2 protein chains.
Amino acid sequence: MVTAAGDLPPVGELRLAIGGSRVLTDPDAMEGYRRDQTPSVEPGLPACVVLAESTADVSATLGWAQRHRVPVVPRGGGSSLAGGAAATDGCVILSLGRMNAIREVDPGNEIAVAEAGVFNADLDRAAAGHGLMYAPDPSSYEISTIGGNLATNAGGLRCVKYGVTRDAVLGLEVVLAGGRVLRTGRRTAKGVTGYDLTSLFVGSEGTLGVITSATLRLRQRPVSYPATMAAGFASFGAGAEAVTAILAARIRPSLLELMDSATLRAIDEWKSTGFGDEVRALLIAQDDTPAADQVVQAMRDVCAGSGAVLADVSESEAESRQLLDLRRLSYPAIERLGVPMVEDVCVPRTRLPEMIQRIEQAGERHGVFIATVAHAGDGNLHPVFVYDRGLPEVPAAVWSAADEVFRAALELGGTLTGEHGIGMIKRRWLAEELGEDSLAVHHAIKDALDPAGIMNPGKVL
Amino acid sequence: MVTAAGDLPPVGELRLAIGGSRVLTDPDAMEGYRRDQTPSVEPGLPACVVLAESTADVSATLGWAQRHRVPVVPRGGGSSLAGGAAATDGCVILSLGRMNAIREVDPGNEIAVAEAGVFNADLDRAAAGHGLMYAPDPSSYEISTIGGNLATNAGGLRCVKYGVTRDAVLGLEVVLAGGRVLRTGRRTAKGVTGYDLTSLFVGSEGTLGVITSATLRLRQRPVSYPATMAAGFASFGAGAEAVTAILAARIRPSLLELMDSATLRAIDEWKSTGFGDEVRALLIAQDDTPAADQVVQAMRDVCAGSGAVLADVSESEAESRQLLDLRRLSYPAIERLGVPMVEDVCVPRTRLPEMIQRIEQAGERHGVFIATVAHAGDGNLHPVFVYDRGLPEVPAAVWSAADEVFRAALELGGTLTGEHGIGMIKRRWLAEELGEDSLAVHHAIKDALDPAGIMNPGKVL
């Protein structure tokens, strides 16, 4: 354990600015704020935690941090799977959780203005009151915040139809290193005045500034619950080919998820699905249009034509929810087997069959259990590396298998991360994806916006 | 006229690198490259024009320009309406027109890789061969290039359904100031490795680097030609309210264009539409789904319920094209009346009625004829300021009226430019939209990527 004693920043000055009760320094009080949901990361010890309630609080904190060269770790819901919100020693944890006002819902222009600490699902529920929806829906939507979603450009299950977080953002309020408050973007559907600073901050994982609120695009909410299709295949590759066939048939489903054999076995051992051994991949698809029943039937027909060994469509909302539950059971079922390290590679969709082979080979070679769930329509795979509970750290074999998986994704024209971010855990592979020239541009931009290098240091770059 | 004589850059060195026949210095040969389609801008005199045929040519040119501090003006089709491609004195015009290869169309992953000089419409035709389309369709699609579209984040008529150019870009090849070649983004549907440099270059109007090629997202092409509805209203405001009503009815048309009274009179004087005096705004809408005929009928019903004085739907492809021709006639009809200065403001959609009033008031106050066409679903208006041919420069009254219009757009929560860019002509209003903190960030990024300040100087910032 590292201690930051000896060079403690002057927290008293910060207390004067923010109010004493919202600057925590008691180790027990800080404990709940220093780690995120990344099992492979052991967080550092923060100097203090600020519970910000306003943009002014964030500005005061960043001014103080700049003056005293204190590292700043912004924090939303703390649900990062990449170590993005993990404390570094001697940092100030800047929690945005209390900035949870939905400042505005404007149904005529289909936009909302939400503070960073609003939970994703709460924004969607507020939109629902106006017949609208907030489309990006990471699996963590009940516990992850808009600010964190923006910082990682979060994806989700509906992305295959509606796009990722960036596609839902019109403008941001960002507090820059040193405390200046920047407004980016606009309230209009289109606009090209100046550089696209909005997109620069989206996905920058807190390393360029702290997002305090956002103007977000809403969409018309589907009238009824989506209809669902489930199709079983003899292999993940066959399921992936059905995905391509569905999209080539000009169907644009609102959800298109593919689960591998290891995932299905984990669910079956827990809940006895009764699928039988010949089902080694399961494709779950939804459609949310008024013609949903016909669309899911059309998808079933495409799957049957692509060699599905079984295929079923929902006849009611209850059945639709039941079929989707098979997908929602994946992570809890895998978690029963040990510590889950949820990874996040993305390849061009047609390379899914090769990618799953490479994942299976890596697991076999290193003796690591890997279960994979994919946002298949986007080519985004979540291989979950499972290891025994009670081990002091991630076994070397897991890192070796992960290393193979990451390199395979790059070889297949893919990327290290589809929606979780680089955080702490993928920094060592960053240069391989970006290359030297891109890294140099990254550092030039980082230096321009954070010359002291105190914004979420040790993350991304 | 300004002459660059006396401090001519060493073009001979550039000729050795690029090949003599592709570096023009003859004034007559250069004449066709120094101006774009912005009537209010008198371009400068370039030192030379480079006809680049490869990324290596672009790299060599930017290396030479950096060494000798020569301003670089990148050029695609030269169709800018904001002076974005206009020469500055002593610059090198870097023409990308010969880099017009479509390097790849990948139907399985629905992507294309195109060089910067490919015309927008040519890419769409190449995609059509695979049942796909390239969705962004600026009105200039036959004469504007992918590189120029990217540099201005171009919009178009289909944006209301499919989004703008940025929404269609996955990755870029960019040559940076000094000649380094940068690759941004990826070939995958999603990804969040590092900063979103792709979006930073999109819309940067050649001030941060030169885009040489792009990996672009294609979409399934609609099976048949869209069906069309035309509805006449007693006022632009009534038409704008019908737009909101259509979208609130959960219809997402593929085109939604609104023309004002001045535009309709200009068309009528030329082509005798016979609409009559009570039609003071015309809404044209299309749908490109398999249910298009029913959708346009539904839109007609919404318009009738919103007080339309006439409403018609197409019964055949020929009729559909005829109705859309009313929209396509707008600019040529207005051009018959004088020099057209096509402007480009964007407001939140519900502010369209106020914005058109402000435009009409500005025209009346300053005695300037203004005809307005709007991509109404996006709140994007093109007020066309018309002045007499043969005048030596833009009359002061036109600038006064334009100034009022720009300020009104900002007051209504809008932006100076929806899809044309800032270029040379809107720089003086830039600070009013962005504010000081944003301008400081813009300059920090510009300085980081172009420390010598030679990339398209005098544009945007």
Side-chain angles (χ1 to χ4, degrees), chain A residues 108-110 152-153 155 159 164 166-167 176 180-184 186-197 199-200 202-204 220 223 244 250 252 346-350 378-380 413-422 430 433-435 437-438 441-442 444-445 447-449 460, chain B residues 108-109 152-153 155 159 164 166-167 176 180-184 186-197 199-200 202-204 220 223 244 247 250 252 346-350 378-380 413-422 430 433-435 437-438 441-442 444-445 447-449 460:
Chain A
N109 292 302
E110 298 176 6
T152 57
N153 193 14
C159 289
V164 294
R166 195 198 72 176
D167 301 310
L176 298 170
R180 279 182 300 153
V181 180
L182 173 72
R183 282 176 188 81
T184 74
R186 53 195 68 80
R187 287 175 69 92
T188 53
K190 297 156 73 177
V192 61
T193 297
Y195 303 150
D196 185 356
L197 300 183
S199 295
L200 185 62
V202 172
S204 67
Q220 292 293 329
V223 178
T244 298
R250 298 171 186 280
R252 184 60 50 179
C346 192
V347 294
R349 201 168 57 220
T350 55
D378 292 323
N380 186 193
T415 178
L416 292 167
T417 172
E419 55 184 15
H420 293 174
I422 294 293
L430 186 71
E433 177 167 344
L434 295 184
D437 287 320
S438 176
V441 172
H442 277 73
I445 290 171
D447 291 346
L449 290 179
V460 187
Chain B
N109 292 302
T152 57
N153 194 13
C159 288
V164 294
R166 196 198 71 175
D167 301 310
L176 298 169
R180 279 182 302 153
V181 180
L182 173 71
R183 282 176 188 80
T184 75
R186 53 196 69 79
R187 286 175 70 92
T188 53
K190 297 156 73 177
V192 61
T193 297
Y195 302 150
D196 186 357
L197 300 183
S199 294
L200 185 62
V202 172
S204 68
Q220 293 293 329
V223 178
T244 298
L247 296 169
R250 297 171 187 279
R252 185 60 50 179
C346 191
V347 293
R349 202 170 56 219
T350 56
D378 292 323
N380 186 192
T415 180
L416 292 167
T417 171
E419 54 183 15
H420 292 174
I422 294 293
L430 186 70
E433 177 166 344
L434 295 184
D437 286 320
S438 176
V441 172
H442 276 74
I445 290 171
D447 291 346
L449 291 179
V460 187

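Convention: sequence-line order gives letters A, B, ...; per-chain numbering from 1. Predicted model only: the values in this text are computed from it and were never measured.
- Looking at A:L197, only its side chain comes within 4.5 Å of chain B, counting heavy atoms on both sides.
- The greatest number of non-hydrogen atom pairs below 4.5 Å with chain B, out of A:L200, A:V347, A:D167, A:V202, is found for A:V347.
- Across all non-hydrogen atoms, the minimal contact from B:H420 to A:V192 is N-CG1, 4.1 Å.
- Of all the listed residues (B:G414, B:C159, B:G194, B:G413), the one sharing the greatest number of non-hydrogen pairs under 4.5 Å with chain A is B:G194.
- Rounding to the nearest 0.5 Å gives a distance of 8.5 Å between OG1 of A:T188 and CG of B:N380.
- Neither the backbone nor the side chain of B:T184 comes within less than 4.5 Å of any heavy atom in chain A.
- With chain B as partner, the option from A:P348, A:A444, A:G108 having the largest number of non-hydrogen pairs under 4.5 angstrom is A:P348.
- B:V181 has its side chain out of reach of A:D437: every pair of non-hydrogen atoms, C-beta onward, lies at least 4.5 Å apart.
- For A:K190 against B:G418, the heavy-atom pair with the smallest separation is CB-O, 3.6 Å.
- Residue contact with chain A, scored on non-hydrogen atoms closer than 4.5 Å, involves the side chain of B:E433 exclusively.
- Side-chain contact between B:T193 and A:L434: present, with at least one pair of heavy atoms (C-beta onward) separated by less than 4.5 Å.
- Heavy-atom pairs under 4.5 Å with chain B peak, among A:A189, A:S199, A:A448, at A:S199.
- The greatest number of non-hydrogen atom pairs below 4.5 Å with chain B, out of A:I445, A:V441, A:V460, is found for A:V441.
- Summarising the geometry, atom CZ belonging to A:R187 is positioned 13.5 Å from atom OG1 belonging to B:T415; distances are rounded to the nearest 0.5 Å.
- Both the backbone and the side chain of B:D378 come within contact range of chain A, judged by heavy atoms closer than 4.5 Å.
- For B:R186, the part sitting under 4.5 Å from any heavy atom of chain A is the side chain, from C-beta outward, and nothing else.
- Proximity to chain A involves both the backbone and the side chain of B:L416, based on heavy atoms less than 4.5 angstrom apart.
- In this structure, the portion of A:R180 lying under 4.5 Å from any heavy atom of chain B is its side chain and not its backbone.
- Here A:E110 pairs with B:R252, B:R349 under the salt bridge (charged side-chain N to carboxylate O under 4.0 Å, His left out) rule; sequence neighbours left out.
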